[in-house]
There are 2 protein chains.
Amino acid sequence: MARTSAPENSRARATGRRRSGRPGHDADSVLRVAARVFNERGYDGTSMEDLARALGVTKSAIYHHVSGKSELLRQSLEVAMDALFAVTREEGATDGRAIDRLEHVMRGSVRVLVEELPHVTLLLRVRGNTEVEKRALERRRRFDHLIADLVREGVVDGDIRSDVDPAVASRLLFGMVNSIVEWYKPDRGLACEEIADALTRIAFEGLRSTRG
Amino acid sequence: MARTSAPENSRARATGRRRSGRPGHDADSVLRVAARVFNERGYDGTSMEDLARALGVTKSAIYHHVSGKSELLRQSLEVAMDALFAVTREEGATDGRAIDRLEHVMRGSVRVLVEELPHVTLLLRVRGNTEVEKRALERRRRFDHLIADLVREGVVDGDIRSDVDPAVASRLLFGMVNSIVEWYKPDRGLACEEIADALTRIAFEGLRSTRG
DNA sequence: TTGCAAACTGAACGAACGGTCGGTTAGTAA
DNA sequence: TTACTAACCGACCGTTCGTTCAGTTTGCAA
């Protein structure tokens with residue numbers, strides 16, 4: 001009797017060298033699949049049985065790689081936040097005028113969002129229900145604060161319009177950025193740069209045609 | 001022994017006339033509370049026991065008002081979608097230039113979003129896991145399609161810049177609108193119009209200062 | 001061929017889940 | 001007082017949940 005759908009198998013050839021021991025999943029491939037399934041059915045809506053099916057193994061096999069369901073969430077959220085904070089430490093995010101640093105962080109966030117789509121998507125849906133989620137939300141709040149500061153600086157510099165509340169503006173701005181996870185499909189479709197271009201055009205110059 | 005927290009009680013005085021029978025919750029007040037708790041803990045993360053606690057009754061009492069958990073979700077999503085589609089039938093959304101109709105729908109969506117915050121928030125988090133959710137997503141797709149058409153028309157009219165893909169633009173636009181549910185707090189804070197103003201300014205004129 | 005390391009199985013656990021049911025309580029109106 | 005209506009309770013059901021555990025399978029290297 002065949003399986004209903006091919007399981008996702010991979011101890012990544014990324015390293016090149018094969019490891020000893022029985023082949024199959026390792027902690028990394030389990031995390032990748034888990035993040036994807038969590039996004040499809042929601043974290044609470046995903047049972048360990050669902051995960052096992054997607055991995056092509058039994059429930060109990062998962063516990064060989066990870067201590068439990070919430071640990072999978074923890075690792076996924078960590079990957080996402082690490083990548084986002086890495087952007088804020090890049091040269092373009094620390095040097096130059098505030099409005100340019102803001103654009104750099106926006107473009108970098110789009111890049112991270114596309115590269116780590118499942119993890120970031122998961123992060124953006126966290127509600128703060130458990131301790132793991134609360135810690136991630138705390139970190140996200142620090143990131144948001146950083147953005148709001150950039151907008152405020154831009155207003156002081158005279159580069160950003162002063163007739164909108166910087167706090168509201170920064171939230172709307174990253175609301176736009178984050179909304180990408182709702183519709184972006186990695187395979188068919190737009191490159192990361194095209195989206196970032198459209199985003200920054202709308203964000204800084206606006207949608208209205210400027211001819212005439 | 002006292003309850004740990006005051007239950008939310010209300011057979012709304014909205015109607016004025018008291019009904020006969022034992023006072024307490026009715027179907028409407030159960031739905032309101034349910035939508036709020038669903039948002040706090042997520043739909044899948046909310047047990048009927050959680051709902052009962054928030055209502056100040058036992059689990060079984062809920063089934064006197066509604067047939068089950070998924071029915072509560074169904075009703076909530078219906079309220080949200082009905083309100084959003086009502087906006088698209090208003091005069092300002094059917095007459096005039098496309099860009100003005102677009103602005104009307106955006107402002108109307110903000111208004112609906114603020115007025116029906118819990119229901120709309122729930123709608124925006126639906127993943128399409130169950131039949132009820134799939135039906136809601138279908139309706140939402142029709143709404144999104146309507147917006148994309150408005151943007152396309154605006155480009156043809158020459159009112160909206162043509163160097164961004166209308167499909168991407170409309171998604172980013174309503175990504176910005178929808179993100180409001182992530183941070184808007186009804187009590188303390190901004191009026192609906194202030195947010196709509198900031199939103200339309202950024203969306204149409206952009207964030208960059210235009211002086212000089 | 002043997003030894004080892006890593007991945008995996010199948011059965012089972014207590015807890016929590018959504019939902020059911022027969023009976024009870026608290027108001028309104030005659 | 002009585003009849004009626006609507007809200008509610010408590011015990012219980014079958015199922016699914018996350019997790020555990022003792023043992024088995026598989027490929028690689030010595």
Side-chain angles (χ1 to χ4, degrees), chain A residues 1 3 7-13 15-34 37-38 41-74 129-133, chain B residues 1 3 7-13 15-34 37-38 41-74 129-133:
Chain A
M1 168 128 172
R3 267 191 252 273
E8 215 162 314
N9 204 350
S10 60
R11 177 144 54 172
R13 199 136 317 219
T15 54
R17 306 243 305 109
R18 302 277 294 225
R19 282 196 271 156
S20 87
R22 182 178 178 179
H25 290 285
D26 61 0
D28 259 22
S29 73
V30 168
L31 177 61
R32 251 202 324 277
V33 173
V37 181
F38 284 164
R41 315 175 76 84
Y43 175 73
D44 286 312
T46 303
S47 68
M48 293 303 271
E49 194 57 59
D50 290 331
L51 281 188
R53 212 175 297 119
L55 286 161
V57 297
T58 57
K59 251 195 321 179
S60 51
I62 300 175
Y63 291 87
H64 177 71
H65 301 290
V66 73
S67 68
K69 194 182 173 188
S70 71
E71 172 64 16
L72 281 169
L73 181 62
R74 215 214 84 244
N129 217 333
T130 65
E131 264 313 309
V132 165
E133 300 186 9
Chain B
M1 169 127 173
R3 270 190 248 271
E8 214 161 316
N9 203 351
S10 58
R11 175 144 59 172
R13 198 134 317 217
T15 54
R17 305 244 307 110
R18 302 279 291 224
R19 282 196 273 156
S20 85
R22 185 178 175 178
H25 291 285
D26 61 1
D28 259 22
S29 72
V30 168
L31 177 62
R32 251 203 322 278
V33 173
V37 181
F38 284 163
R41 316 175 76 85
Y43 174 72
D44 286 312
T46 303
S47 68
M48 294 302 273
E49 194 56 61
D50 289 332
L51 281 188
R53 212 175 297 121
L55 286 161
V57 297
T58 57
K59 241 190 343 173
S60 51
I62 300 175
Y63 290 88
H64 176 72
H65 301 290
V66 72
S67 69
K69 195 184 171 186
S70 70
E71 172 64 14
L72 282 169
L73 181 62
R74 216 213 83 244
N129 219 332
T130 64
E131 265 314 309
V132 165
E133 302 186 8

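In what follows, chains carry the letters A, B, and so on, assigned in the order in which the sequence lines appear, proteins first and then strands, with residues in each chain numbered from 1.
- When each of A:Gly45 and A:Ser67 is assigned the nucleotide of DNA chain D bearing its nearest heavy atom, the one mapping closer to the 5' terminus is A:Gly45.
- A distance-only check finds no donor-acceptor pair linking the side chain of A:His65 to the backbone of A:Val30 [under 3.5 Å].
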Discussion item. So if I define the base as every atom that isn't primed, P, OP1 or OP2, how would nucleotides 11-16 of chain D read as a B/S/- string at a heavy-atom cutoff under 4.0 Å?
Written reply: ------
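- If you check every strand for non-hydrogen atoms under 4.0 Å, A:Ser70 touches nothing.
- Atom CG in B:Asp26 sits about 16 Å away from atom C1' in C:dA26, given to the nearest Å.
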Item to complete: Tell me, with the steps shown, if B:Leu51 and B:Phe38 meet side-chain contact (heavy atoms from CB on, under 4.5 Å).
Response: CA-CA 9 Å; B:Leu51 281 188; B:Phe38 284 163; 4.2 Å; yes
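- Separation of atoms CG (B:Leu31) and NE2 (B:His25) is listed at 12.5 Å; rounding is to 0.5 Å.
- We find that NZ of B:Lys69 is positioned 16 Å from P of C:dA16, with the value rounded to whole Å.
- The main-chain N or O of A:Ser47 is never found under 3.5 Å from a side-chain atom of A:Lys69 such that the two would form a donor-acceptor pair.
- For A:His64 and D:dT24, the NE2 to C1' distance is 13 Å, given to the nearest whole Å.
- Contact check, B:His65 against D:dC8: a side-chain N or O comes under 4.0 Å of OP1 or OP2.
- Of all the heavy atoms in B:Arg41 and B:Thr46, the pair that sits closest is CB-OG1, 3.5 Å.
- Atom CD1 in A:Ile62 sits roughly 13 Å away from atom C1' in D:dC17 (whole-Å rounding).
- Of the candidates D:dG18, D:dC9, D:dA7, the closest approach to any side-chain atom of A:Met48 belongs to D:dG18.
- With hydrogens and angles disregarded, no donor-acceptor distance shorter than 3.5 Å links the side chain of A:Asp50 to the backbone of A:Arg53.
- For B:Tyr63, taking side-chain heavy atoms from C-beta onward, the closest of the listed nucleotides D:dC8, C:dG27, C:dG18 is C:dG18.
- Checked by distance alone, A:Arg22 brings a side-chain donor or acceptor within 3.5 Å of a matching partner on the base of C:dA7.
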